[in-house]
Amino acid sequence: MKITLPDNSFRDLPDGSSGYDLAKDIGPGLAKSAVAITVNGVQKDLHDKIEGDASVSIITIDSDDGLNIMRHTLTAQVLARAIKNLYPKSQLAIGPIIEDGFYYDVETDKTISIDDLQKIEDEMKNIVKTNSSITKKLVSKSDALKVFKSLKEPYKEEIISESDQKDDFQLYYQDKEEFVDLCRGPHLPNLSFIGSFKLTKVSGAYWKGDSKNTMLTRIYGTAWKNDKDLEKYLNTIEEAVKRDHRKLGKEMDLFHFQDEAPGMVFWHPYGWNIYKTLQSFIRTKLDKNDYLEINTPQVVDRKLWEASGHWDKYRENMFITEIDEEHANEKRVNALKPMNCPCHVQVYNQGITSYKDLPIRYAEFGSCHRYEASGTMHGLMRVRGFTQDDGHIFCMPEQIESETASFISLLSEIYSDLGFEKFNIKLSTRPEVRIGSDEVWDKAESALENAIKKLDLPYKIDEGDGAFYGPKLDFVLTDAIGREWQCGTFQADFNLPDRLDAEYIGEDGNKHHPVMIHRAILGSFERFIGILIENYSGKLPFWLAPQQVVIASIVSEVNDYALKIQTLLKEKGIRTEVDLRNEKISYKVREHSSRKVPIIMAIGKNEKANETVSIRRIGSKDTEVIDLDKALKLIEKENSSISQ
RNA sequence: GCUCAUAUAGCUCAGCGGUAGAGCACUUGCUUGGUAAGUAAGAGGUCACCGGUUCAAGUCCGGUUAUGAGCUCCA
């Protein structure tokens, strides 16, 4: 038979040859490092027979595919077997690979906690040491069911019986059939290819990802080619932990949380400085882009939420207020607003709008509350009380495209100013359950898509992921360590204006419903500040830093000069503090450095005598002595580097 | 909401049945020192909350609340 290799060369092999035969035919080195093959684009086991003419590539252990096959074998064969050895009554569910590693879901009679991982890892190492070969048997559906019934593996039985596949269920055996698992494969030919690995965490996970199902124990691990790669991975994890905004928030005295208000931020003066600066930055941008800032009530009667449809759909997640009846004239049920859009429609509805007035762009720093499930809260990233940089654009359908374009240009300007040069766009199209005619959807989807295309921006389409009321664009930015955060959103809505009777008088003299576009750039201030802290490891750019300059005196006789500089800087709007404590300069430098103050000015006798300052910047050990006048100008210029 | 874990001084943590500990921070004294921790002393805790076991409970058991890692969810 004729085998085509990836470089388009051919090789003739006897019928019935396996991948391994092919690798051997090409060279002994390749045969040694081969772990699987790809036949006509489908991954197969190394010892599978190649059926007739085909294009085949050999997967070696050094390739990315090889690494993932190794991770797969490690979880499905080694971890699963270790669990069965240590917890014979446990039942195996599934064990897939994930980014950087793998997990296995099991049901156990005894709970497995983080302290048990070492024991399991040791058992895995014992199994790997056997270098066992892995062999495969193809069996019929009924035989496969029999095997796992006798092994008391109900989850495997369920997988088999729910499968559309009729035959050829793959059973992988280790050793002398001492361990068997159902798997789509492929697997390593034997365990000698297993590299370096570590079990990392244990948690719960629902069977088939459905919260109605049993909670299984999920054991996570990471695996790499060698110790060096494993070390590298563990180091990057450590790096991410170091920039955790919850830890930095404490160290930099930015905010705190406490039991009495779970998921609500107590902003401290320094944290609030960041918030205020970010807000005024956004406000200036919105003003320049013809948004009209408004402010709407936080507590609103349920009637409005019923009209908007939120009461039906999201009541469980709303904070409902109860009025003490004695003091209330009538019993009313109110809700803290979970979003601003219904209120914005109320503002729009005051008076009569002409088509000539459109588009109308309302913006609000809208304080919202949502009762998030207790387990979902996470520092500033997921909270119950938050503020959106929200906005709603009321326009005619034919204005969607130009609104999309101007929104994206504003968004990319803001992201870039905040230090995020890279973001991805996701276009989500009509879902199965939706309102509005296909004709309107066609128009809306193509308006969004055309706008991105005209701006020549790359985007990805997420079929069927749109909201029930219209298509949307999501904007995902990438941070300094490559993590992605979905922040901006732009959603066309054909539903709410209708429900809440928003209208305009068209050119034809008749009433029409405008399209309402929900849009946000940061998403929520709380979360975005969390992202900023992690992106910069707390070392925020000068203009955003909570304390911008600390003037530290070296000897007390220069305190008056330090205070004078502080006054001059404050006049220029620089957030400046003095440190006149009776401490050594190195002590002061250490403290303010660990608080990530961008500029520390050390002031001693020389500086006072010469009207100079010594500047030390965060992240650098160098100091620079310059004239006070020059320093003031420099700092003022640096502070206004972002067009506010 | 679910699973598992955690909750001790302002912070980071040790103690795991028998009189509450350390480092840093804080206060006071000495020290005025040139770029990441001067020095000595002092003060500081109903060991998250409620209940149980025990002669005796931060310590063991149950519940509640919060937090963490995931899962589910995110208008």
Side-chain angles (χ1 to χ4, degrees), chain A residues 98 103 105 107-108 111-117 200-220 241 244 246-247 250-251 253 256-263 305 308-318 337-342 368 370-379 381-384 386 388 467-469 472 486 489 491 493 495-496 518 523-524 527 552-559 580-595 600-607 614-618 620-625:
Chain A
I98 49 174
Y103 65 77
D105 285 349
E107 190 179 332
T108 53
T111 58
I112 297 177
S113 77
I114 189 97
D115 303 321
D116 301 313
L117 291 186
T200 49
K201 55 195 168 198
V202 55
S203 75
Y206 299 108
W207 168 234
K208 291 180 184 163
D210 188 333
S211 58
K212 289 197 275 294
N213 288 342
T214 322
M215 176 68 72
L216 305 171
T217 303
R218 175 171 296 179
I219 298 171
Y220 286 90
V241 171
D244 189 311
R246 292 165 300 184
K247 181 172 168 284
K250 221 175 251 171
E251 284 171 14
D253 194 14
H256 85 271
F257 291 92
Q258 65 185 51
D259 287 14
E260 289 83 352
W305 305 113
S308 70
H310 292 101
W311 191 264
D312 265 358
K313 259 193 112 158
Y314 297 106
R315 188 166 129 65
E316 306 251 293
N317 295 306
M318 285 161 79
K337 68 174 170 188
M339 53 192 333
N340 309 297
C341 35
C368 296
R370 295 180 186 175
Y371 188 81
E372 303 284 0
S374 57
T376 59
M377 260 108 66
H378 181 90
M381 301 302 189
R382 185 87 178 260
V383 286
R384 285 181 177 161
F386 56 96
Q388 295 177 313
F468 70 94
Y469 48 71
K472 61 172 183 171
Q486 183 173 318
T489 190
Q491 312 179 356
D493 185 349
N495 175 43
L496 202 59
H518 309 252
S524 103
R527 177 163 176 268
S553 61
I554 294 168
V555 290
S556 53
E557 66 182 84
V558 302
N559 285 357
L580 308 179
R581 291 176 303 171
N582 177 14
E583 295 291 350
K584 289 199 160 180
I585 190 63
S586 50
Y587 181 90
K588 296 183 183 182
V589 166
R590 179 186 147 81
E591 187 169 300
H592 303 302
S593 296
S594 65
R595 290 215 169 184
I600 299 171
M601 283 184 181
I603 301 298
K605 289 176 193 163
N606 297 338
E607 285 77 10
S614 164
I615 289 182
R616 178 188 167 118
R617 285 176 184 274
I618 187 79
S620 163
K621 283 189 163 50
D622 299 334
T623 58
E624 188 189 6
V625 178

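Letters go in sequence order (proteins before strands), and every chain restarts at 1.
The CD-P distance, from A:E591 to B:rU35, rounds to 18 Å in whole Å. The CD-C1' distance, from A:E372 to B:rG1, rounds to 12 Å in whole Å. B:rC2 atom C1' lies 17 Å from atom CH2 of A:W207, rounded to whole Å. Between A:E107 atom CD and B:rU3 atom P the separation is 13 Å, expressed in whole Å.
Pairing of B:rA14, defined by two Watson-Crick or G-U wobble distances under 3.5 Å, is not identified with any nucleotide. The pairing partner recorded for B:rG58 is none, the criterion being a Watson-Crick or G-U wobble arrangement whose two distances lie under 3.5 angstrom. Taking a pair to require two hydrogen-bonding distances under 3.5 Å in either a Watson-Crick or a G-U wobble arrangement, B:rU35 remains unpaired. Pairing for B:rG70 is with B:rC2, a Watson-Crick or G-U wobble pair whose two hydrogen-bonding atom distances lie under 3.5 Å. Base pairing of B:rU27: its partner is B:rA41, meeting the Watson-Crick or G-U wobble criterion (both donor-acceptor distances under 3.5 Å).
For a distance-only test at 3.5 Å, the side chain of A:R382 qualifies as a donor-acceptor partner of the base of B:rC73. For B:rU72, its base never sits under 3.5 Å from the side chain of A:T376 at any donor and acceptor pair. In this model, no side-chain donor or acceptor of A:Y206 finds a partner on the base of B:rG70 within 3.5 Å.
Residue A:S586 has a polar side-chain atom (N or O) positioned under 4.0 Å from OP1 or OP2 of B:rG38. Taking side-chain N and O atoms only, A:R590 has no distance below 4.0 Å to OP1 or OP2 of B:rC24. Distances shown here put a side-chain N or O of A:K201 below 4.0 Å from the OP1 or OP2 atom of B:rG70. Contact annotation: A:K208 side-chain N/O to B:rU72 OP1/OP2 distance is not under 4.0 Å. A sub-4.0 Å separation between OP1 or OP2 of B:rU39 and a side-chain N or O of A:Y587 is absent. Residue A:R616 places at least one side-chain N or O closer than 4.0 Å to OP1 or OP2 of B:rA36. Between B:rU67 and A:H378, no contact under 4.0 Å exists linking OP1 or OP2 to a side-chain N or O.
Taking a cutoff of 4.0 Å between a charged side-chain nitrogen and a carboxylate oxygen, A:D210 and A:K208 do not qualify as a salt bridge.
The glycosidic torsion of B:rG58 lies within 90° of 0, placing the base in the syn range.
In this structure, A:K212 reaches neither bases nor backbone, as no heavy-atom distance under 4.0 Å exists between it and the strands shown. Base engagement by A:N606 is indicated by at least one non-hydrogen atom pair under 4.0 Å involving a base atom. A:E607 comes within 4.0 angstrom of a base, heavy atoms only. Within the 4.0 angstrom heavy-atom criterion, no nucleotide atom of any strand lies near A:D210. Using a 4.0 Å heavy-atom cutoff across all strands shown, A:G379 reaches sugar-phosphate atoms only and no base atom. If you check every strand for non-hydrogen atoms under 4.0 Å, A:S553 touches nothing.
Between A:R595 atom CZ and A:S593 atom OG the span is 12.0 Å, to the nearest 0.5 Å. Rounding to the nearest 0.5 Å places CD of A:Q388 at 10.0 Å from OG1 of A:T489.
No more than 12 heavy atoms of other residues, nucleotides or ligands sit less than 6.0 Å from atom CD of A:E316.
The nearest heavy atom of RNA chain B to A:T217 and to A:D259 marks one nucleotide each, and the one closer to the 5' end goes with A:T217. Of the residues near RNA chain B, A:V625 and A:I114, the one whose nearest nucleotide (by heavy atom distance) lies more toward the 5' end is A:I114.
Comparing the same atom, P, in B:rG62 and in B:rA25 gives a spacing of 40 Å after rounding to whole Å. The gap from the P atom of B:rA36 to that of B:rC4 amounts to 49 Å, rounded to the nearest Å.
Relative to the side chain of A:I585, the nucleotides B:rU35, B:rA75, B:rA69 differ in distance, and B:rU35 lies closest.
Judged by distance alone, the side chain of A:R218 and the main-chain N or O of A:D105 form no donor-acceptor pair under 3.5 Å.
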